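Here the structure is laid out as structure tokens; the discussion comes afterwards.
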Amino acid sequence: MSVLTREEAQSLIEEVLEVYPEESKKDRLKHLTVNDPSITQSKKCITSNRKSLPGVMTIRGCAYAGSKGVVWGPIKDMIHISHGPVGCGQYSRAGRRNYYVGYTGVNAFGTMNFTSDFQERDVVFGGDKKLEKIVHECEALFPLMKGMSVQSECPIGLIGDDIEAVARKTSAAINKPVIPVRCEGFRGVSQSLGHHIANDAIRDWVLENRKDKMRETGPYDVAVIGDYNIGGDAWASRILLEEMGLNVVAQWSGDGTLAEMENTPAVKLNLIHCYRSMNYISRHMEAKYGIPWMEYNFFGPTKIAESLRKIAEQFDDKIKEGAEKVIAKYTPIMEGIIGKYRPRLEGKKVMLYVGGLRPRHVIGAYEDLGMEVVGTGYEFGHNDDYDRTIKEMGDSTLIYDDVTGYEFEKFVEKVQPDLVGSGIKEKYIFQKMGIPFRQMHSWDYSGPYHGYDGFAIFARDMDMTINNPCWDSFKAPWK
Amino acid sequence: MANNSVDDIKPCFPLFGEPEYRENMKNKQDKYEERESMEKLEETFQWTTSAEYKELNFQREAVTINPAKACQPLGAVLCSLGFKGTLPYVHGSQGCVAYFRTYFNRHFKEPVACVSDSMTEDAAVFGGHKNMDAGLKNALALYKPEMIAVSTTCMAEVIGDDLHSFITNAKVKGHVPQDLPVPSAHTPSFVGSHTTGWDGMLEGIIRYFTLDKHESAVVGSNGKINLVPGFETYLGNYRILKRYMEEMDVPYTLLSDPSEVLDTPADGEYRMYVGGTELEDVKDTPNAIDTLLLQPWSLTKTKKYLKDTWQQPISEINPPMGLKWTDEYLMKVSQLSGKPIPASIELERGRLVDMMTDSHSWLHGKRFSLYGDPDFVMGLTNFLLELGAEPVHVMSNNANKRWGKAMSKILKSSPYGQETEVHVGTDLWHFRSLVFDRKPDFMIGNSYGKFIQRDTKHKGLEHEVKLIRLGFPIFDRHHLHRMTTLGYEGAMYILTTLVNAVLEDLDSKTTGYGETDYNYDLVR
């Protein structure tokens, strides 16, 4: 049940857009819709993956953020150069909680920031020579690194540097992969093109690296694709897959290594959590190596059990039994969690605005706790994301694409949800409005939220935020 | 066995320390990662802490590793936030703005309003003229600012967009009214750092409001003193600057004051604009007695503009940090305004000196390595010398050689600065080598230093260099941005922070039960 009727929701959208200049209003109207779960194709009701309007405070990032910040950055045993001016690497340093274990500065580099720190002369004369030198300096200072990637910032594409040539030359010289990634921030309309470009770079510069010397594989070898191990999500996931009898031989890319990626073409099945950011490479591996892929959802016991069974379907009885055992073992524990938290959260309404998979994937987890998601949207989704979302959302709920700060505030003001789940840029706005808020990118420095262990933390966190006494103190008692 | 149950829910720490997870991770490492042996890792780690490595590390010419600086537009955004009703507007790629907002959100734990005009590939080819037209129009319609302050990203700078004519045209075409203030600054990320970006934006704003007024200005006619804080992230510093002026009864204009908009209450309402320097006051600034630049090493553009166009003396002043430089600052204000320093401030000074006498035995001879923005580091170094503490390494990634010389001069003039190394333009990976090479008792800097603390601790407890968090950004401790580091009050905060770090450290080293019962004292 939505809090609004279809007519109310529709007129809310129109009312919110009233303030826009005519052309912008027309554009924004296409990105906002009132959900009708019976619609099968989202293109009938929503437009996505288009340019953000200038000047409207979009929440989106850029292609560099999609490549360095999401796909490449977490690969721990490589050095990822933020190639260009100093800012991009600094702002994206160690903020995304892509957990890994390793000797940082020795064989792991995930929380470090390597940058070519472009100066005016580099823009004028080009940065190729500097880049070449950087590769050699890194090889000298970090001999155990397994390879490097060059994450292009805006100026690189504009000044006409040939980073591909530098990559080939230096790669031959140090005998390790050096991978150019053309993820300049002005490319595309959001992080999304950065994911795609990053996937393509993996396709072109990684997957063929050990054609004839791939590690031996067994019948139960799988790869986890599109889990960035935020707060340890991938660990809380792989432990379940292994418990049911599979071998997770590669993690893309949270806590991942170059070796795991290079060896992935030998796996039996690719399991995709974040479809948006890594469907490209999964499709490629299907076409090129015949590896099937499937999406799964490890948020909340209902979806986890569904996913475990669906995954097990791809294998023999041993794995199927393994999945049932895992489900049987965790079910009573999850009942305990739900028994405690559901009464505290029953009927609470949630509005989401996130990226990647979460605007739809966490709906089930909230439902396990008796909560309802009454609005959701993607920062950088495409229509295939919305296709998958429409059926998960209730009738007459709000769906908003690339929502502007202005629209999101107005929607929340009107709908008055009990919780908003979004990012750091939105967090403090809604908290000041008195709306409990959880960061659904970083798990608000908690997590993991994936897997059974993760759901326990998720439930605890939602309860602590919604039911904390601080929300009752907003009004001074003398007012 | 499952780890999380209803009676015992553990988040990432300590969850992943449980045996099942440890074994699972170890299995991954051993089987799939092709990791080097632990012996090899350990050996390599030790090598990275050696003098040989330090030498190699300091030979670098091309790569910057763990910089201690950010880029210009970040500073421009902070500067813009400090003016009344002002929307910071960044002409260029939108991802930059997502980063600036996030960076400030994480530090201040506050909302930060800022828009970009989302230039993409077509704008890279044809220029961002259309983006500026639509961007200004949309921003005005949605957010109704009194002023839009425009800065740039590197993208707009590389393609050479002409801000001034874009804005003029947008007004001519009626996208925004002629009388809407839209000052601008070119803030390419490949020049300077966040501190110079702040400077550039302020210069742009002052220029916008005063260019046609400076000739008719009568210096001193409004009886005010202009204060320019520079890239300042301690909210208490804005407040103390105002308090001192008020206690001295000196009229003033603080040029950029985001202390309200970055510290709004939780009472059910989100305020996008609150407080900030009045635009009318900016227009009046050429009529002031003088303008004091409180981060002199980072305000060179503003200084040049003021020196060239205004008739004010633009008196040289050190950052008002620590005892003596606060004395000098107050005396300068007194001299310029003719107002005496009141008893209330003298009392505050006396209290600071009292605290210094109380704590001197714990700070004298203590060795600190510090890094950060040029004026912050210089002010802090000067205060350390006043405390009898000994700076070991003093580093600024975004300072220049002249700063290095001035810094060395200050150090040489003190018996406590004779052994201090000054490093300019180096990064935190250099700094890591420095503290392995000559171990200080503590390092002082922003949150990034925590990784160095971890590394030094791994070498052995006797090598651990603990981090004292002073600077920007501070992401991993709460509410420190509300503190004060300028003036006597700021010196009190710094002193309290330092001395208690020393005492905490001593406690942590003397808690060996049945072993170090000595010196684990109740009274210190």
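Side chains included, hydrogens not; waters and symmetry mates left out as well; all remaining heavy atoms used. Per chain, numbering begins at 1; letters A, B, ... match sequence-line order. From a predicted model like this one, the values you see are computed outputs, not experimental measurements.
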A:E132 and A:K129: salt bridge (Lys or Arg N to Asp or Glu O under 4.0 Å), yes or no, with the steps? CA-CA 5 Å; A:E132 186 176 342; A:K129 280 197 179 129; over 6 Å; no
Which bit of [X] comes within less than 4.5 Å of chain A, counting heavy atoms only: side chain, backbone, both or neither?
X      : result
B:P188 : neither
B:S193 : neither
B:F45  : both
B:H91  : neither
B:M132 : neither
B:L87  : side chain
B:M25  : side chain
B:S93  : side chain
B:E42  : both
B:F108 : neither
B:C114 : backbone

Non-hydrogen atoms of chain B under 4.5 Å away: do they reach the side chain of [X], the backbone, both or neither?
X      : result
A:L144 : side chain
A:V101 : both
A:K76  : side chain
A:S473 : neither
A:R215 : side chain
A:V248 : backbone
A:D255 : both
A:C154 : side chain
A:Q119 : both
A:Y99  : side chain
A:R97  : side chain
A:F114 : both
A:E260 : both
A:V124 : neither

Can you tell which of [options] has the highest number of heavy-atom pairs within less than 4.5 Å of chain B?
options                : result
A:E23, A:K51, A:K475   : A:K51
A:S116, A:A250, A:G95  : A:G95
A:G405, A:G423, A:G232 : A:G232
A:A476, A:A63, A:G105  : A:G105
A:E184, A:E409, A:E153 : A:E409
A:S52, A:G454, A:G185  : A:S52

Please step through ring pair (Phe, Tyr, Trp, His ring centres under 6.0 Å) for the pair A:Y449 and A:F455, ending with a clear verdict. CA-CA 5 Å; A:Y449 283 176; A:F455 178 71; 9.5 Å; no
Without hydrogens or angle criteria, can the side chains of [X] and [Y] be said to hold a donor-acceptor pair below 3.5 Å?
X      : Y      : answer
A:E379 : A:Q191 : yes
B:E110 : B:N105 : no
B:Q94  : A:R60  : no
A:Y103 : B:E36  : no
B:E157 : B:H186 : yes

Please report whether the ring centroid of B:F100 lies less than 6.0 Å from that of A:Y91. yes
How about B:F16 and A:W235: are their ring centres within less than 6.0 Å of each other? yes
For [X] and [Y], indicate whether the former's side chain and the latter's backbone hold a donor-acceptor pair under 3.5 Å.
X      : Y      : answer
B:D427 : B:N66  : no
B:D117 : A:G55  : no
A:N263 : A:A259 : yes
A:S24  : A:Y20  : no

For B:M119 against B:I159, the heavy-atom pair lying closest together: CE-CD1, 3.6 Å
Sidechain N-carboxylate O distance under 4.0 Å for [X], [Y]:
X      : Y      : result
A:E18  : A:K25  : yes
B:K130 : B:D122 : no
A:D444 : A:K427 : yes

Exactly one of A:T111, A:N229, A:T257 clears side-chain hydrogen bond (donor to acceptor under 3.5 Å, both in side chains) with A:Y100, and that residue is A:T111
Heavy-atom pair count under 4.5 Å with chain A, highest-scoring of [options]:
options                       : result
B:D7, B:V115, B:T120, B:N24   : B:N24
B:L15, B:L74, B:I9            : B:I9
B:K10, B:E61, B:E269          : B:E61
B:A113, B:P73, B:G192, B:G135 : B:G135
B:T48, B:V125, B:V90, B:L56   : B:L56
B:Y448, B:F190, B:Y270        : B:F190

So does B:R454 have more than 12 non-hydrogen atoms from other groups sitting under 6.0 Å from CZ? yes
Row check, B:F58 ring normal vs B:K54 NZ/CZ: under 6.0 Å, within 45°: yes
Hey, what's the ring geometry for B:F104 with B:F472, parallel, tilted or perpendicular (30° and 60° as the breaks)? tilted
